[in-house]
Every structure is written in structure tokens, then in C-alpha cells.
Amino acid sequence: MNIFKTLAIVLKSENWRETSKILTLFSQRFGKIKVIAKGARDPKSRLAGNLELFSQISIVFYKKESTDLHLLSQVDLIQPLPKIQDDLKRFSYASAVTELLNKLTESEEVHPGLFNLTWETLENINEAPQNKLDNYLWAYVLKLASNLGYRPKLSACISCNKKEALSGEYLFFSSEQGGIICKNCVQEGSFYLKLSRKSWEAMKSLLISQNSYLESLTLNKKQISEISDTILSLLEYHAHLPKSLKSLEFWEKLAEK
Ligand SMILES: [Zn+2]
């Protein structure tokens, strides 16, 4: 057994036996890891209180060779995100972030860049005005997809590579081919998603967006739904992700009431 120290974000927490927890963490050094926090539900435990969902923590753990469930030894709370805990909408959006990251990455696969991207997104979901949460979430999903090798091609036709053919009020997106397709290359009998010009332009910007852009961008419901359908159907096709996110379904049902 080796002992390691790393920063990590709490993605998931499950109770285990009488007093323990099994945590799924996204760590800076090792990617996604699972650790058992023995006795963490005992209020007197030195692990208790520092393991809230979405928090950034610094951990020391024993890395076992024979299994992918490791032993948590020490936790320091680096930064909690209290507004997410107190607000159902923020909580649902933050859950969508961790749900996607958990589903799209393999255990102990190192992904440089994803730790910072995820943490920055969670901080924004904690702080941003409620009507901007979609901007941060969908920018994250696009960047996450790109980081994992599923970057959609949006700047030119995926088939003929021409930019000038992308005219008109609506464009077509091929999940199978992974990009925008022009009218000349569209094939009968194939499945395409329809994307308004505005949504297409917003998606191109979201892919490379900085925070200042996300603060000022305003998307309407239709654009949000076109953008989310496009990116989720791309991930469904190539990464076998279920088409809908549990965390967002929960929020949408609640918001309808
Ligand atoms: Zn084309």
C-alpha cells in the first residue's frame, strides 16, 4: 500500500455499513477514485463534516493495489460551496456536472485540465445568477466532451469542410458524424438534429467561452433545449451516455409545478 495526497472534489457519497461512507471523488492527481471513509458518519470522527457533496477537499489516502476501493486516512476542507447546498436549482445543476463527469470518466484515468474545469464550473454554479446557470452547465458539457475526445465540429461542414455552405436560418447536426452538416451533404434517411442559427452560434462560443462571456450571454428556452439536445445526443451516440440526466430531470419536474 502506498500513501498519497491530492486535492479532490466530492462527486458522490454513499452510506456503507453502520458508520462509514464510500465516496467517489474526482482528484487532481489520479482522476476519479473511490475511497472508503471508515467511521465518517460518527460525529466524533475526524473525517465527519468535511465530506459534503461538491466540496473541494485535500485528502491523504492509502492506495491499494488489489482493488479500486482505497482507504481514506485524512481530510481537510479546502472550500465548501454552501449556496449549492441551500438552493434546489443550483443543487440540480451541480449534480448534473458531477453526474456527467462520473459517467464519462473511468476510474483512475488521469485527465489533466478536468479538475480545474470542473471546480471552476461548480464555483460558478454556486455564485452565478440563477438565470445564467444553463450557460455555465452547457459550456462545461461542451468542454468536457472536447477534453474526452468528443469535440463536435461546428465551424464548417463535417462532410465537405466548407464554411460558406452553412447558410440559412436552420442548420443540421449529425450526432453520428459529430458535427454540423451542410445542405449539400445531408443524406436522405439519415437522422439529423435541427439547430437554429442562434443556437449554433452560441454553441461555437460556449465551446471556447471565458467566464466574462458566460456572464453576459442570454439564451432563451428554445436555444437551451436545442443546445442541450445536440450535445447530449452526441454523447449518447459516442459515449453511450443515457440521453437524459437524472439530476436535471428532477429539477425540470420541480420547475413545472
Ligand atoms: Zn457539406
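Each ligand, and each atom within it, is numbered from 1 in the order the structure gives. Model, not experiment: these values are computed from the prediction.
- Judged purely by distance below 3.5 Å, without hydrogens or angles, the side chains of Glu215 and Asn135 never pair a donor atom with an acceptor atom.
- Between the side chains of Glu226 and Ser196, at least one donor N or O sits under 3.5 Å from an acceptor N or O.
- Between the side chains of Asn211 and Asn124, at least one donor N or O sits under 3.5 Å from an acceptor N or O.
- For the Zn ion (ligand 1), protein N, O or S atoms under 2.8 Å: 4 in total.
- Here the two rings, on Phe54 and Phe91, have centers that are under 6.0 Å apart.
- There is a side-chain donor-acceptor pair under 3.5 Å between Lys143 and Ser209.
- Close placement of the Phe61 and Phe30 rings is indicated, their centers lying within 6.0 Å of each other.
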